[in-house]
Amino acid sequence: MIELHHVSKIYGPAGGTGVKALDDVSISIGAGEHVSLVGASGSGKSTLLNVIGGIDSPSGGTITVDGRDITRAGDRAITLMRRDLIGIVFQFFNLMPTLSVLENVMLPAELAGHDERESRERALELLRGVGMEKRASHRPNELSGGEMQRTAIARALINRPRILLADEPTGNLDSATGMLVLNLLRRVAAEEKLTLVMATHDAAIARTAGRIVEMKDGRVLVDGG
């Protein structure tokens with residue numbers, strides 16, 4: 001499903017003055033796997049998620065997602081892959097403040113040109129699944145952190161992705177709410193048969209995954225797979 005071969009990412013000029021966020025990373029993640037990326041701040045976890053999701057481009061190496069070499073793809077092809085294949089859950093939710101919960105969840109489907117009625121039905125189904133159907137008409141500023149993250153999870157699933165990338169999805173939540181969100185992520189990933197790759201600094205949360213990949217200074221230090 002996801003293959004990285006000798007991937008590097010350098011921010012700034014190369015040749016010693018740039019910041020090496022990824023350093024010769026090679027890793028394979030199979031379909032349906034649940035993987036936790038762990039490591040201190042600056043270890044490369046978020047950068048790794050970003051290059052897998054096509055948000056950022058690697059400086060070297062190759063990345064194949066669902067058989068597609070995204071390092072050779074153009075911007076439009078990467079955008080379409082991210083729209084149709086990958087769902088992303090961010091630490092800071094990234095909800096549109098002027099839209100309702102339902103409208104936020106529907107937005108990626110609308111941008112993809114999907115049928116509005118079908119998208120609305122799918123969004124309401126997802127909101128029921130994450131326990132947010134009664135908050136569908138509310139705006140983000142009327143929600144708790146846990147409710148915003150549950151909305152963000154529903155939004156990430158609207159286009160029926162095969163891969164779910166989660167970058168510190170519990171980082172802005174208290175421990176109890178964070179565990180609820182984590183359990184929800186794992187449940188929906190299992191129900192939707194998704195490949196789940198999650199970056200976290202929380203060892204307890206990391207241990208709930210089937211595989212733990214520990215990173216340090218942009219390198220894979222330990223691969224539990």
Side-chain angles (χ1 to χ4, degrees), residues 1-39 42-91 94 107-114 152 155-169 189 192-199 209-225:
M1 176 59 75
I2 302 169
E3 300 276 350
L4 284 80
H5 296 283
H6 304 292
V7 170
S8 62
K9 177 61 185 178
I10 299 172
Y11 292 104
T17 57
V19 176
K20 188 173 282 188
L22 294 177
D23 185 5
D24 194 33
V25 173
S26 293
I27 189 171
S28 176
I29 300 172
E33 269 200 276
H34 292 186
V35 178
S36 286
L37 305 176
V38 300
S43 62
K45 305 186 304 295
S46 293
T47 303
L48 184 57
L49 287 181
N50 286 344
V51 297
I52 291 172
I55 295 172
D56 213 344
S57 301
S59 303
T62 60
I63 303 172
T64 304
V65 179
D66 196 32
R68 312 172 197 184
D69 183 352
I70 65 173
T71 52
R72 298 178 181 273
D75 290 344
R76 175 167 172 75
I78 290 174
T79 298
L80 292 176
M81 178 205 70
R82 189 166 57 241
R83 185 193 74 185
D84 299 333
L85 185 66
I86 296 174
I88 302 177
V89 179
F90 299 95
Q91 177 179 355
N94 287 5
L107 183 59
E110 292 177 350
L111 294 174
H114 294 172
R155 180 187 58 190
L157 297 171
I158 187 69
N159 286 338
R160 302 182 188 277
R162 296 182 59 197
I163 298 168
L164 187 60
L165 306 178
D167 190 5
E168 299 281 5
E192 303 262 339
K193 297 180 173 58
L194 303 177
T195 301
L196 173 61
V197 186
M198 176 177 60
R211 174 179 169 194
I212 298 175
V213 175
E214 184 179 350
M215 299 189 68
K216 182 178 181 181
D217 298 329
R219 284 180 166 267
V220 172
L221 194 64
V222 178
D223 186 348

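Keep in mind it's a predicted model, so treat the numbers as computed, not measured.
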Legend entry - Any donor-acceptor pair under 3.5 Å from Ser59 side chain to Ile10 backbone: yes
Inset, instruction - Look only at the side chain of Lys9 and the backbone of Ser57, and say whether a donor-acceptor pair between them is shorter than 3.5 Å. - result: yes
Inset, instruction - Report the residues that fulfil side chain to side chain donor-acceptor pair (under 3.5 Å) with Arg68, sequence neighbours left out, ordered by chain and then residue number. - result: none
Inset, instruction - Could I get the full list of salt bridge (Lys or Arg N to Asp or Glu O under 4.0 Å) partners for Arg72, not counting sequence neighbours? - result: Asp69
Legend entry - pair Ile29-Val197: side-chain heavy atoms closer than 4.5 Å: yes
Inset, instruction - Could you tell me the separation between the CG atom of Asp24 and the NE2 atom of His5, rounded to the nearest 0.5 Å? - result: 12.0 Å
Inset, instruction - For Arg160, enumerate each residue passing the salt bridge (Lys or Arg N to Asp or Glu O under 4.0 Å) test, keeping only those at least two apart in sequence or located in another chain. - result: none
Legend entry - Minimum heavy-atom distance Ile63-Thr71, with the two atoms named: N-CG2, 3.4 Å
Inset, instruction - To the nearest 0.5 angstrom, please state how far the CZ atom of Arg82 sits from the OG1 atom of Thr79. - result: 5.0 Å
Inset, instruction - Under the side chain to side chain donor-acceptor pair (under 3.5 Å) rule, collect the residues that match up with His114, sequence neighbours excluded. - result: Asn159
Legend entry - Exceeds 12 heavy-atom contacts within 6.0 angstrom, atom CZ of Arg83: yes
Inset, instruction - Indicate yes or no for a side-chain donor-acceptor contact from Ser26 to the backbone of His6 under 3.5 Å, with no hydrogens or angles considered. - result: yes
Inset, instruction - Would you please name every residue forming a side chain to side chain donor-acceptor pair (under 3.5 Å) with Asn50, sequence neighbours left out? - result: none
Inset, instruction - Compare all side-chain heavy atoms of Glu192 with those of Leu164 and state whether any distance is below 4.5 angstrom. - result: no
Inset, instruction - Ignoring hydrogens and angles, state whether a donor on the side chain of Glu33 or Thr195 is under 3.5 Å from an acceptor on the partner side chain. - result: no
Inset, instruction - Output yes when a side-chain donor or acceptor of Arg155 lies under 3.5 Å from a complementary backbone atom of Asn94, and no otherwise. - result: yes
Inset, instruction - Measure across Ala152 and Val89 and return the closest heavy-atom pair with its distance rounded to 0.1 Å. - result: O-CG2, 4.4 Å
Legend entry - Closest non-hydrogen atom pair between Pro161 and Ala156, with its separation: CG-O, 3.4 Å
Legend entry - Within-4.5 Å side-chain heavy-atom neighbours: Asp223 and Ile27: yes
Legend entry - Full working for side-chain contact (heavy atoms from CB on, under 4.5 Å) between Val25 and Asp23: CA-CA 6 Å; Val25 173; Asp23 185 5; 5.8 Å; no
Legend entry - Contacts of Asp167 that satisfy salt bridge (Lys or Arg N to Asp or Glu O under 4.0 Å) - sequence neighbours left out: none
Legend entry - Atom of Ile78, atom of Gly54 and distance for their closest heavy-atom approach: CG2-O, 3.6 Å
Inset, instruction - Taking the side chain as every heavy atom from C-beta outward, state whether Met1 and Asp66 have any pair of such atoms under 4.5 Å apart. - result: yes
Inset, instruction - Give a yes or no answer on whether the side chain of Lys45 reaches the backbone of Gly39 with a donor-acceptor pair at less than 3.5 Å. - result: yes
Inset, instruction - Starting at OG of Ser43, measure out to CZ of Arg219 and round the result to the nearest 0.5 Å. - result: 13.5 Å
Legend entry - Between CG on residue Leu4 and CG on residue Leu48, distance to nearest 0.5 Å: 6.0 Å
Legend entry - The single option from Ile212, Val213, Leu221 passing side-chain contact (heavy atoms from CB on, under 4.5 Å) against Val38: Ile212
Legend entry - Validation row: Phe90, Leu49 side chains within 4.5 angstrom (heavy atoms): no
Legend entry - Arg211 (side chain) donor-acceptor with Gly224 (main chain) under 3.5 angstrom: no
Legend entry - Evaluation steps, side-chain contact (heavy atoms from CB on, under 4.5 Å), between Tyr11 and Leu22: CA-CA 10 Å; Tyr11 292 104; Leu22 294 177; over 6 Å; no
Legend entry - 4.5 Å side-chain heavy-atom contact, Met81 and Ile86: yes
Legend entry - Test item: Leu194 and Leu157 side chains (from C-beta on) under 4.5 Å apart, heavy atoms: yes
Inset, instruction - Mind listing the closest non-hydrogen atom pair of Ile70 and Ile52 along with its distance? - result: CD1-O, 3.8 Å
Inset, instruction - Indicate the atoms forming the closest heavy-atom contact of Ser36 with Ala209, along with that distance. - result: OG-CB, 3.2 Å
